[in-house]
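Working notes for the structure below.
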Amino acid sequence: MGPFEMVVAIILIVTVGKIIQTKQKAKLGIIEDEDMLGNKTQRMIGTNDTSAMQDEIRALKDRIQVLERIATDNNSATDLNRQIEELRNR
């Protein structure tokens with residue numbers, strides 16, 4: 001085995017290992033957070049986290065729908081300004 005094949009094999013082994021590790025953490029419900037200094041912390045996903053994430057996703061979907069409607073409708077400029085201000089106030 002030449003040096004090139006050895007490097008490729010090492011990269012492949014590390015990549016597969018990381019994929020397996022990530023899948024295991026997902027099964028266990030572990031979130032890994034990293035702060036600005038690069039310090040990593042791990043925590044379990046709880047029901048509060050799940051409901052908060054679902055609420056945030058729902059709010060983002062609502063905002064996307066409004067933005068799509070604004071982009072595709074032929075409304076006047078004042079109507080667009082009113083809708084944009086409604087989005088900002090949410």
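The first residue of the sequence shown is numbered 1, and numbering continues consecutively from there.
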Original post:
Rounded to the nearest 0.5 Å, how far apart are CZ of Arg88 and CZ of Arg63?
Top reply: 9.5 Å
**OP:** Measure the shortest side-chain to side-chain distance between Thr15 and Lys18 over non-hydrogen atoms and say whether it is less than 4.5 angstrom.
**Re:** no
Subject >> From CD1 (Ile19) to CD (Gln21), nearest 0.5 Å >> reply: 11.5 Å
Subject >> Glu5 side-chain N/O to Gly2 backbone N/O, donor-acceptor pair under 3.5 Å >> reply: yes
Original post:
Which residues satisfy the side chain to side chain contact (heavy atoms under 4.5 Å, CB included) test with Val16, sequence neighbours excluded?
Top reply: Leu12, Ile20
Subject >> Residue among Val7, Val8, Val14 satisfying side-chain contact (heavy atoms from CB on, under 4.5 Å) with Ile11 >> reply: Val7
**OP:** Look up atom CZ in Arg58 and atom OG in Ser51, then write down how far apart they are to the nearest 0.5 Å.
**Re:** 9.0 Å
Original post:
Roughly how far, to the nearest 0.5 Å, is the CZ atom of Arg82 from the CG atom of Leu87?
Top reply: 10.5 Å
Subject >> Spacing of Ile84 atom CD1 and Leu67 atom CG [to the nearest 0.5 Å] >> reply: 8.0 Å
Original post:
In terms of heavy-atom contacts, does CD of Glu85 have more than 12 from other residues, nucleotides or ligands at under 6.0 Å?
Top reply: yes
Subject >> Rounded distance [0.5 Å steps], CE in Met6 versus CD1 in Ile10 >> reply: 6.0 Å
